[in-house]
Each structure stands twice: as structure tokens, then as C-alpha cells.
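Structure, as C-alpha cells:
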Amino acid sequence: MQPPRNPPLHNLPPEIDPASLDQGTAARVERLIEEEEGVQNRFGGLLGHAATLLAVAMSLFHLWAAWDIVPTTTLRFVHVGFALAIGFFLFPLSRRFRDRLMLWDLALIGLGLFCTWYLIAGGDDLLDRYVFPEPMDLVVGWLLVALVLEATRRTTGWIMPAVAIAFMLYAFWGNHLPAPWTHRGYDTTRLIPHLTITLDGIFGTAVDVSATLIILFTIYGAILQGSGAGKFFVDFSFALTGGKPTSAGRTVVLSSFLLGGPSGSGVATTVTLGTVAWPMMKRVGYRPDDAGGLLAAGGLGAIISPPVLGAAAFLIAEYLKLGYLDVLRMAAIPTVLYYASLLFMVELDQRRLGAVPPLEAMAVTPAGELARRYGFHFSSLVAIVVFMALGYSATLAVLYAMGVAVVLSFLRAETAMVPRRLVTALASGAIQAVGIAATCACAGIIVGCITLTGLGLKFSEIAIQAAGGSLVVTALYTALIVWVVGLAVPVTASYIISAVVAAPALMKLGVPDYAAHMFVFYYAVLSEVSPPTALSPFAAAAITGAGPYRTTLQAWKYTLPAFVLPFVFVTDPEGVGLLLSLTPQMTWADVAWQVVLAALGLAALAAGCQGQARRPLGLPERLGFVAAGLLLVFPALLDGLLPAPHWLGLGLAGALLLPQFRVPARPVL
């Protein structure tokens, strides 16, 4: 089938009007989104209907599984089977085959369906003989591994499959490595069934979470987008800030928080905000790289914003056997502090830019009017938390929240989820979940190799020994490991790998398991603004016209103050108060004190990073504010070397800030 003569832009988020970008910028943004979500076919005619039917079937199956009881193994097998079929149908072998369904795609779809049928039909007998597999079991197993690797390559790029292959090579021939990396070595009859038949490999915890929670939340997000919630959240943010050009930075922060729920994608949120906010930011005086860095930092917040969070948050709940509401509780204060940090940076930006010439405010609908018309979009977000608080599982909570969103959408004719719009949303939700499902399946290969070879325990011992048993040094090593892993693979995969390899080292040194996993989660998220996979800053750079690496450095500037915060979880015994968890010796007053210290420390770090307080700062003053911020946020760094690090930090910040009041501050609008 030949591609259309003038193919439209494929992968721009639905809330972005392609007309708001020039053709060159739109093409660059689309290419960056494709790096995260894969090159995707857009078929018309019969192939388009077939793709929609397949995607809707996937959504309906999982909605039914959320309502009724489906055996665990069947659910996981079918989930991966759908991901393989849609992956090979909608994601071409390479860009040159876009919008054409090739014979090899059909062959791969057929092989994926055959593997799924074989696993389901095998039933308990197949599971019982995984120690002594039959030849056909091994053939299907090797075939399934190859299909998962290829589907992951098509949807997320080649790095993740390459990492999985490296771990398989380690499982096969690690017995030839020196201690402490060596193990007994495993052959095909031991490794392949472990990866493809048991629930410790491809069909492990990650796929279980993808099949039971992640896909439901992607469908829910697609329904919100289809009903216009994304546009409302952006418009509402601009209205709250008065539509003033000088409020551009504040608008980015507020709208990134609101838009993060239905979007769930850092790149999509960055692009959505950038198309609207960049013209205002440019008029105010933001440099392109500064604006791009702030937009990327705002987009990053989409991954850590309750009530949806990123896919990794569902994995935290499953690994720790917690309710998803508990994960939301733990994420609440860190999320507020992250956005507080961004607001500190934005306010200091405005002081650095100073007063601007009078500019005409944007014509925006008043916030009250918008809330009266479309405020119902908030209802389903609140409903998720309410349903979970009433005792419903996260699965049922999001299912009922979808129902709330669909029913309330009929309050306005332009937002009503009529059948055609609902079908589009169901298909879109399934397609968005394909890349995550493939990533989780591929990560299962890695985790299966780690658990079989005992690499996770070995690595923990190596990390602790290298750190000399120091918790602070081990935390620094862990952060570095998670960051390095995140440079190569997506956030979800980075968390899965690091949760198995790096988190146990912290737990062996007495860190609570939930604090260790939240630490790993936040540093996995940080990889979103770290090259070479810094897709959010690169997308922002494409919009603002700045250099991508300068934009990435600016994104680091905006996000680094907040990402010192996770060290409090693991190095300060009372730091778990920021996760709204109390030790037996703590009270809620201790939690409040921790929050105040963290907020003050982030403000000091923001001043040091920006080089601006009430007036511009010299280098010694900047270094002083950074030191004060670290003493407030990360006192364990010098614990035992200096008495009362918190109070020293407060005193240093006060001493640096006092002279600032002797000089008139720049006016801020």
C-alpha cells in the first residue's frame, strides 16, 4: 500500500494545533516525539479501520478484565499478545516503510498471535514443565523473546533491546567472568523457560502492572483528552494568571501540574505548553534556552504529578505490595516541593528580567467563567482519589472515574463523548499503552536474568563495599547508577532495572523499602532531562529555536534544586516525613518542620542556581546560597562533621539575605 502524497504530521499531541507551529518546527517536534513513542503508521481506508478495531478490542478487553475476573496468566499473555499485534501493525520496521503494511509485518503479527495461543492453550501443564521443557516450548520461547525485542525496538528505539540482549549474554556466559560478577552459567533449557513461561521474566510484575493499571490510566487519559480536558487545563492556567505576559513563567508551572494528569508524557506536556507559552515568554525577555529549560522542567512534572503520576508509580505499588493511594500519599509532598522549587526559580527569573515595557495582555476567558463551563473536568481527577479512599482498588477507581468523565462530558455539547469520539479515545489509549507494554515485557527479560543469576544481590554487596558502608556515599552511588541507566532507557525501564539492582543496597543499610523505591523513582525521572535521551528539552529547543544542549543545561538548572530532595528520604531518619510516613519517634510537628526546612533549602538553592535574589548575586554569594540550601535539604552530607547542619544552613541563608534588603529590589510585575 503506497503512502499518501502529502502525509500529515503524525504524532503531535491531539491538543496541539499544527497550525500553531511552522512546518519545520512541527516536523522537528514530531521527530522527537517519535523517538519516545516510535514511528507510527497512520492508515486510511480498510487498514485504518482494522487498526482502530484492533486497538479498541485491546481497550475493551482490559476494561472487561478490570470489571470481571480474568486469570492472571491469561491476562498477561493476552496483554503482551495485543501489544505485539498492534506494535507490528502500527509501528513500521523503519521510517522508510511508514504508512505501508508489509508482508513481514503480517508474518510477525501471525507469529505473535501463535505464541499467545500456545501459552494460553498450554495452561498449567506448560507451567508445570518449565524445568524440563519440551523442544516446542524452547522454540516458542526463543520466538517470543525475539518478538518482544523487535516490538520494543520499533516502539522505543534500539537501546532497550540491546541492554536486554547484554543481560541475556551475561546469563549465558557469566560463568567466565571473574568474581564477584561470576555465576554458574545457564543454558537455553534453563534460561528461556524462566523468561517466557514463568512469571519471573517477560510476564513478571512489570507486565502485570501494565496489564492491570497502566493501560487503564492511558485509556482514562485519552478520554480526558478527547473530552477537551487538556485544553481546559491550559486555558484555565492562563486565566488564573490573568493572561499577562509577565505571568508566563507562572503559567507554565501551573499548567504543567494540571496538564500532567491527562497527558502523562513529559514530551507531550512540554510541546503543548511550548506552543502557547513561548510567544509570551519571548516578549517578556526570556532567552530561548531559558524558556526551553523551564518548559522541559514543567513537562517533567507531568510524570510525578498525582493523581496519575507516571507508569513507574504503579510499579512501586506492586513491588512494595502497597495500595496506589499509599503511593499518592508518599508523592504528595515531594510533588508540591518540586513545583515550589520551579516557582522559586520563576519568581527569580522575573526579578532577573526586571520590569518589562507595557505589553497587551492576552485575551483570555475569565477563570470563573471557564470553571463554570468546564470545571466538571476536575471531577474525575478527584473521583479517582475519592474512590480509593472509600476502599476501592486502583483498578476499579480509575474504571469508575472513566465513567464519571464520560457522563459529565455530556454537560457541554462540544465536549460530549459521543460514540465516534469515544471509539477514538479507546483506540488512542490502547495505542499509547503499546510502547509501555513492550518496554515492560523487555524489562522483564532483564529482571529475569538478574534474578536468575543473583546479580541484584551481588551488585548490592559491591556498592556497599565500594561506599565503605556509608549510607550517604551509597545513596550518591545509587543516584549515579539510576541516572546512568536512565540515560539509555525510558523512565519506566530505568525504574524497573534500578529497583532490582540499586534499591536493595539502600535497604541493606536500613533505609525503609518505600523510601528506597521513591528515591530510585525520582532519579529515574531525572533522566528525562539528561542527555542523550533528553527528549523534553530537545522538543522545547525545537519550539524556541535554542540549541538543544544549552536548553538541556537550563532544564538541569531548573530541576536540580528539587532533585536534591530525595536524599532526605534515605539519609535523614526523619526525612520519611516528606513521604507522609512517620517513625515511632516522630510526630506531625516533625513532618511540618521537615517540609519547612526543605522549602527553605529549595529557595536557597534556587537563588544560588539563578544567581539572583532581591538583586543579582556575585559568585561568592551564589556559592553561599548553594551551601545553605544543601545544609537545609541534605544535612546528612555533613552530619558528624558540623554540629546542627540545619541551623547552620538557616544562619548562613539569613546572613546572605540580610544585605539584600539594603538595596532596592527590581520591580516585578
Side-chain angles (χ1 to χ4, degrees), residues 178-181 316 319-320 330 334 450 454-487 494-495 497-527 530 560-579 581-586 590 593-594 597-598 601-602 604-605 608 623 626-649 652:
W181 301 101
I316 294 175
Y319 280 135
L320 299 180
M330 290 191 296
I450 291 172
L455 179 61
L457 296 176
K458 292 186 180 74
F459 195 87
S460 298
E461 295 294 337
I462 294 169
I464 293 172
Q465 290 177 10
S470 167
L471 176 58
V472 172
V473 179
T474 302
L476 289 170
Y477 283 171
T478 302
L480 181 62
I481 291 165
V482 178
W483 176 66
V484 171
V485 171
L487 298 181
S494 175
Y495 168 75
I497 297 169
S498 301
V500 177
V501 173
L506 295 172
M507 289 186 281
K508 281 189 175 183
L509 292 175
V511 176
D513 54 0
Y514 58 87
H517 279 261
M518 290 297 286
F519 180 86
V520 168
F521 167 62
Y522 276 97
Y523 271 92
V525 172
L526 179 59
S527 66
S530 304
L560 273 180
F563 280 99
V564 177
L565 193 65
F567 281 97
V568 182
F569 307 161
V570 297
T571 60
D572 188 339
E574 294 188 350
V576 294
L578 295 181
L579 302 177
S581 299
L582 279 69
T583 64
Q585 297 77 27
M586 290 178 63
D590 296 318
W593 178 237
Q594 285 287 332
L597 288 175
L602 291 176
L605 286 170
L623 295 176
V626 169
L630 290 175
L631 288 170
L632 287 165
V633 178
F634 189 10
L637 188 63
L638 296 176
D639 196 17
L641 300 177
L642 292 174
H646 282 139
W647 292 107
L648 285 175
L652 179 58

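Computed over heavy atoms, backbone and side chain alike; hydrogens, waters and symmetry mates excluded.
- Counting all heavy atoms, side chain and backbone alike, Ser498 lies closest to Val520 at CB-CG1, 3.5 Å.
- Counting only heavy atoms from C-beta outward, the side chains of Lys508 and Glu461 approach each other to under 4.5 Å.
- Under the 4.5 Å side-chain criterion, counting only non-hydrogen atoms from C-beta, Ile481 is in contact with Phe459.
- The CE atom of Met518 sits 10.0 Å away from atom CG of Leu320, with the distance rounded to the nearest 0.5 Å.
- Atom OH of residue Tyr514 and atom CD1 of residue Ile316 lie 13.5 Å apart, to the nearest 0.5 angstrom.
- Closest approach of Asp590 and Gln585 over heavy atoms only: OD2-O, 4.0 Å.
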How far apart are the C-alpha atoms of Phe567 and Phe519, what are their side-chain angles, what is the distance that settles it, and do they pass the ring-ring contact (aromatic ring centres under 6.0 Å, His included) test?
-> CA-CA 7 Å; Phe567 281 97; Phe519 180 86; 5.3 Å; yes
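- Side-chain contact between Leu631 and His646 is absent, with no heavy atoms from C-beta onward closer than 4.5 Å.
- The side-chain heavy atoms of Leu630 and Val626, taken from C-beta on, include a pair separated by under 4.5 Å.
- Side-chain contact between Thr474 and Leu506 is present, with at least one heavy-atom pair separated by less than 4.5 Å.
- Atom CG of residue Leu605 and atom CG of residue Leu632 lie 8.5 Å apart, to the nearest 0.5 angstrom.
- To the nearest 0.5 Å, the span separating CZ on Phe634 from CG on Asp572 amounts to 10.0 Å.
- Counting heavy atoms from C-beta outward, Met507 and His517 have side chains that approach closer than 4.5 Å.
- Contact check for Thr583 versus Pro573: no side-chain heavy atoms found under the 4.5 Å cut-off.
- With a 4.5 Å cut-off on side-chain heavy atoms, Val633 and Leu597 do not count as touching.
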Full working for side chain to side chain contact (heavy atoms under 4.5 Å, CB included) between Trp181 and Leu455 = CA-CA 7 Å; Trp181 301 101; Leu455 179 61; 3.9 Å; yes
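- Of the possible donor and acceptor atoms, none in the side chain of Ser581 sits under 3.5 Å from a partner among the backbone N and O of Gly577.
- The heavy-atom pair separating Pro334 from Tyr522 by the smallest distance is CB-OH, 3.2 Å.
- Atom CE of Met330 sits about 13.0 Å away from atom CG of Leu578, to the nearest 0.5 Å.
- Across all their heavy atoms, Ala628 and Leu652 have their closest contact at N-CD2, 3.8 Å.
- Summarising the geometry, atom CZ belonging to Phe569 is positioned 4.5 Å from atom CG belonging to Leu579; distances are rounded to the nearest 0.5 Å.
- Here the closest non-hydrogen pair linking Val576 and Pro512 is CG1-CG, 4.2 Å.
- Minimum interatomic distance between Ala499 and Ala503 (heavy atoms only, all atoms of both residues): O-CB, 3.5 Å.
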